[in-house]
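Below: one structure, written as C-alpha cells.
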Amino acid sequence: MSERIRTFVAIELPPHVQRGLAQLQERLRRTRPPVRWVAPDKVHLTLNFLGEIPAEQVTGVGEATLRVAAQTVPFELEAAGVGIFPNPRRPRVVWVGLAGDLEALQALQADLTKALAALGLPPEDRPFSPHLTLGRVRPQARPEEARALGQEVSQMATPSLGRWRAEQVLVIRSDLRPEGPIYTPLRVAPFRE
C-alpha cells in the first residue's frame, strides 16, 4: 500500500498579517473562550484541501499548481473582519475575513480546482468561502460558553489586520501531531509578473 500524504494548496501570510492575527487572538483570549487557537504562523489562506492523497499524486498536484500559478497575476488581499462558522448561537470556528481583489482570488481557486479535478481529485463538497481560521471551539465547551463567544465575536469591531500582495501559492504537506500540525512546503508556485 502506497504512502498517503495529507495535502493542501494555500497562500501563505506575511509576518505583519500574522502579527495582526496574534493581536486579535490576544483580545479574544481575555474572556477565556473555549477555543483551541491556531498559531498565527500556521494560519494559511487555504484554496484547496485535498486530504490524504497517494504520494505518487503529489508531483502531479505540484505541476498542475505551477501551471495555474504561471497564468495568475499577483493581486492584493487584506485580512479584515472577524466572524463565526456556522453561526453565533452554535460557534465552531472563529475566522478572519478577507477583502481586496476577491475576484482574482476566486478565479485562482476555481482554476486550481479545475486543474486538480483533471488529476482525479474531486472538488470540496462546500463552495469556496475565503477566510483565515483563527481557532476552533473545543468539543467539550459548554453551550453557554460557546454562545458567549459567538455573541462577543458578532459584536466585535476589528480594524484591518494587514494588506499584502499575493504572489505565489504553495502545495503543503500537513502532518498532524498532538502538539499541532507540522506544515512542510512541497512546491512553491510563483505567479507571473
Side-chain angles (χ1 to χ4, degrees), residues 8-31 33 35-50 65 68-116 123-137 149-172 174 181 183 185 188-193:
F8 64 98
V9 181
I11 294 175
E12 274 194 316
L13 307 179
H16 72 277
V17 174
Q18 292 174 354
R19 284 191 297 275
L21 296 177
Q23 290 166 356
L24 177 57
Q25 285 177 337
E26 277 308 307
R27 278 178 62 194
L28 289 166
R29 272 192 175 105
R30 290 183 192 138
T31 59
V35 173
R36 181 179 176 133
W37 298 106
V38 178
D41 65 337
K42 303 267 192 216
V43 177
H44 297 89
L45 170 48
T46 302
L47 301 172
N48 298 86
F49 179 74
L50 304 175
T65 303
V68 171
Q71 297 179 25
T72 303
V73 176
F75 52 89
E76 299 289 323
L77 292 172
E78 179 179 17
V82 62
I84 292 276
F85 288 141
N87 62 58
R89 290 178 314 284
R90 294 182 305 112
R92 286 202 301 267
V93 174
V94 181
W95 53 264
V96 167
L98 291 162
D101 195 348
L102 298 181
E103 283 185 26
L105 177 62
Q106 293 276 1
L108 169 63
Q109 194 275 338
D111 291 347
L112 281 167
T113 298
K114 200 178 303 177
L116 295 169
E124 289 189 58
D125 296 338
R126 53 186 177 228
F128 178 57
S129 176
H131 68 280
L132 307 172
T133 299
L134 268 189
R136 292 177 177 81
V137 175
L149 169 68
Q151 185 173 6
E152 179 184 359
V153 169
S154 63
Q155 295 172 355
M156 182 178 256
T158 54
S160 171
L161 301 174
R163 295 182 69 85
W164 81 99
R165 188 172 191 244
E167 299 178 330
Q168 64 185 20
V169 293
L170 283 78
V171 177
I172 300 172
S174 171
Y183 296 139
V188 176
F191 296 166
R192 72 178 165 91
E193 284 298 326

Rounded to the nearest 0.5 Å, the CD atom of Glu78 sits from the CH2 atom of Trp164 at a distance of 9.0 Å
How far apart are the C-alpha atoms of Gln25 and Leu134, what are their side-chain angles, what is the distance that settles it, and do they pass the side-chain contact (heavy atoms from CB on, under 4.5 Å) test?
CA-CA 7 Å; Gln25 285 177 337; Leu134 268 189; 3.7 Å; yes
Criterion side-chain contact (heavy atoms from CB on, under 4.5 Å) on Phe85 and Ser129, from CA distance to verdict:
CA-CA 11 Å; Phe85 288 141; Ser129 176; 3.9 Å; yes
Would the number of heavy atoms belonging to other residues, nucleotides or ligands and lying under 6.0 Å from CZ of Arg29 be above 12?
yes
Measure up the Tyr183 and Phe8 rings against each other and bin them: parallel (under 30°), tilted (30 to 60°), perpendicular (over 60°).
perpendicular
Derivation and outcome, side-chain contact (heavy atoms from CB on, under 4.5 Å), residues Phe191 and Val73:
CA-CA 6 Å; Phe191 296 166; Val73 176; over 6 Å; no
Which heavy atom in Leu28 sits nearest to a heavy atom in Thr31, and how many Å separate them?
O-OG1, 3.1 Å
Which atom of Gly162 lies closest to which atom of His16, heavy atoms considered:
CA-CD2, 4.1 Å
Looking only at non-hydrogen atoms, find the nearest pair between His44 and Glu12 and report the distance.
CD2-CG, 3.8 Å
Identify the heavy atoms of Thr46 and Phe128 that sit nearest to each other, and give their distance.
O-CE1, 3.5 Å
How far apart are the closest heavy atoms of Leu98 and Ala79, and which atoms are they?
CD2-CA, 4.3 Å
What closest approach, in Å, do Arg89 and Asn87 show between heavy atoms, and which atom pair accounts for it?
N-OD1, 2.9 Å
